[in-house]
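Order of listing sets the numbers, starting from 1, for every ligand and every atom in it. Everything numeric here is computed off the predicted structure, so don't read it as measured data. Positions are given from 1 along the sequence.
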Amino acid sequence: MDKNLFSKIDRHYDRVRTENQKRLEERRAQVYRDLPMIKELEDGIRDKGFQGVFQGIQGASTQGAIGDIEAMGAMKREILSQAGLGPDYLDPIYTCPFCKDTGYLEDGSRCDCLKQLLAKDLYEMSNLDRVLARENFDHFNLDVFSKTISPDEGISPYENMTSILRKVQVFLKNFPKDNGENLLFYGGTGLGKTFLSNCIAKDLLDQNYTVIYQTAFSLVDILERKKFQKDSSKDLNLAYKLLFTSDLLIIDDLGTEVTNQFTNAELFNIINTRMLGGKKLLISTNLALHEIQNVYSDRIFSRMMQSFIPIHFFGEDLRFRT
Ligand SMILES: Nc1ncnc2c1ncn2[C@@H]1O[C@H](COP(=O)(O)OP(=O)(O)O)[C@@H](O)[C@H]1O
Ligand SMILES: [Mg+2]
Ligand SMILES: [Zn+2]
């Protein structure tokens, strides 16, 4: 993972603050030109401020100075309003008013804008930004699915995908609700599970949710590195933490990774913690349901079955279609 993720993010906020500062200076120059009164009022406010500080130091009452400053401030806002610029026109400009473009809230926790940036960067680093440009609902093509009825299922892959899309639509509509709904995509290779997962990821990222996509393989890699690296990097810690805290965690190709007791326990921990916190999961697997039970401990399996909506993919491998 890119060691420079955090310095890249610092540069991002630096740039945002510099741009906003520049915009404010342009506004100020324009206002001073068009409304010279404003400059006089601002100078007056500053002078009164100094005066108040001196009076305060000398133990005198600062009430008068404060009253004057407030009156001049109100007048300034009034003039700006009447000029059609809005009373806040010369206030500091923030792209994110919650963290004032620092990424951190007053209590030191990460602002949502930072979390989102981190999630987007993680997507970029796993090259998913390019994938998501291709695999999204705008490019979803129902016609790749066969209209021939499968004798085992009684419906065609086309009909199946139509009904899957309806379920996914409901999932997305209810996404903000803490209704404990998770999705389990299961079925053979080349049936569109990863494609549809990416559509869902893109849709939610566009709505500013944090979405983490990991193949089961890369997930286990994170878990193992986290366990064995003594002083783990900031990025690794973040990747690990987001497994628990992202709005959606997508685990693709579950069952292809090498599992052991440690990774199974960790996986259970992630799923369990997310469920308790009302954070959703999308798991896809090439395994049949009974095979999952063999690979994972019963605990994980029964827990999964309770809260996942099982969605079965079937049909011909799309990669070999003519
Ligand atoms: N809805 C779709 N529209 C267009 N192409 C699709 C769609 N679903 C899958 N594909 C294509 O079919 C192939 C297999 O899909 P994939 O999602 O990788 O299957 P799986 O994850 O089930 O193995 C990929 O090349 C993918 O781009
Ligand atoms: Mg896949
Ligand atoms: Zn913010």
Nearest-0.5 Å distance that lies between atom CG in L223 and atom CG in L267 | 7.5 Å
Are side-chain heavy atoms of V220 and E266 found at a separation under 4.5 Å?
-> no
Examine the side chains of T273 and N269 and answer whether a donor and an acceptor come within less than 3.5 Å of each other.
-> yes
Total protein N, O or S atoms, the Mg ion (ligand 2), separation less than 2.8 Å = 1
Between the main-chain N or O of V16 and the side-chain N or O of D101, is there a donor-acceptor pair closer than 3.5 Å?
-> no
What residues, two or more places apart in sequence or in another chain, satisfy side chain to side chain donor-acceptor pair (under 3.5 Å) together with D206?
-> K202
How long is the gap from CZ on F262 to CZ on F228, to the nearest 0.5 Å?
-> 6.5 Å
May I ask you to check whether E40 and Y32 show a side-chain donor-acceptor distance below 3.5 Å?
-> no
How long is the span from the NZ atom in K193 to the CZ atom in F313, to the nearest 0.5 Å?
-> 7.0 Å
May I ask you to decide if the ring planes of F140 and F195 are parallel, tilted or perpendicular, using 30° and 60° as cut-offs?
-> perpendicular
Taken to the nearest 0.5 Å, the spacing of S307 OG from K280 NZ works out to 10.5 Å
E26 atom CD: more than 12 heavy-atom contacts under 6.0 Å | yes
Kindly state whether the ring of F244 and the ring of Y240 have centres lying under 6.0 angstrom apart.
-> yes
Residue-atom pairs from the protein, N, O or S only, that lie under 2.8 Å from the Zn ion (ligand 3) = C96 SG, C99 SG, C111 SG, C113 SG
N/O pairs closer than 3.5 Å, ligand 1 and protein:
{"from": "ligand 1", "atom 1": "3 (N)", "to": "N141", "atom 2": "N", "distance (Å)": "3.0"}
{"from": "ligand 1", "atom 1": "17 (O)", "to": "T194", "atom 2": "N", "distance (Å)": "3.2"}
{"from": "ligand 1", "atom 1": "17 (O)", "to": "F195", "atom 2": "N", "distance (Å)": "2.7"}
{"from": "ligand 1", "atom 1": "19 (O)", "to": "L191", "atom 2": "N", "distance (Å)": "3.4"}
{"from": "ligand 1", "atom 1": "19 (O)", "to": "G192", "atom 2": "N", "distance (Å)": "3.0"}
{"from": "ligand 1", "atom 1": "21 (O)", "to": "T194", "atom 2": "N", "distance (Å)": "2.8"}
{"from": "ligand 1", "atom 1": "21 (O)", "to": "T194", "atom 2": "OG1", "distance (Å)": "2.8"}
{"from": "ligand 1", "atom 1": "22 (O)", "to": "L191", "atom 2": "N", "distance (Å)": "3.1"}
{"from": "ligand 1", "atom 1": "22 (O)", "to": "G192", "atom 2": "N", "distance (Å)": "3.1"}
{"from": "ligand 1", "atom 1": "22 (O)", "to": "K193", "atom 2": "N", "distance (Å)": "2.9"}
{"from": "ligand 1", "atom 1": "22 (O)", "to": "K193", "atom 2": "NZ", "distance (Å)": "2.8"}
{"from": "ligand 1", "atom 1": "23 (O)", "to": "G190", "atom 2": "N", "distance (Å)": "2.7"}
{"from": "ligand 1", "atom 1": "27 (O)", "to": "E135", "atom 2": "OE2", "distance (Å)": "3.3"}

Decide, yes or no, whether a salt bridge links R77 with D91 under the criterion of side-chain N to carboxylate O below 4.0 Å.
-> yes
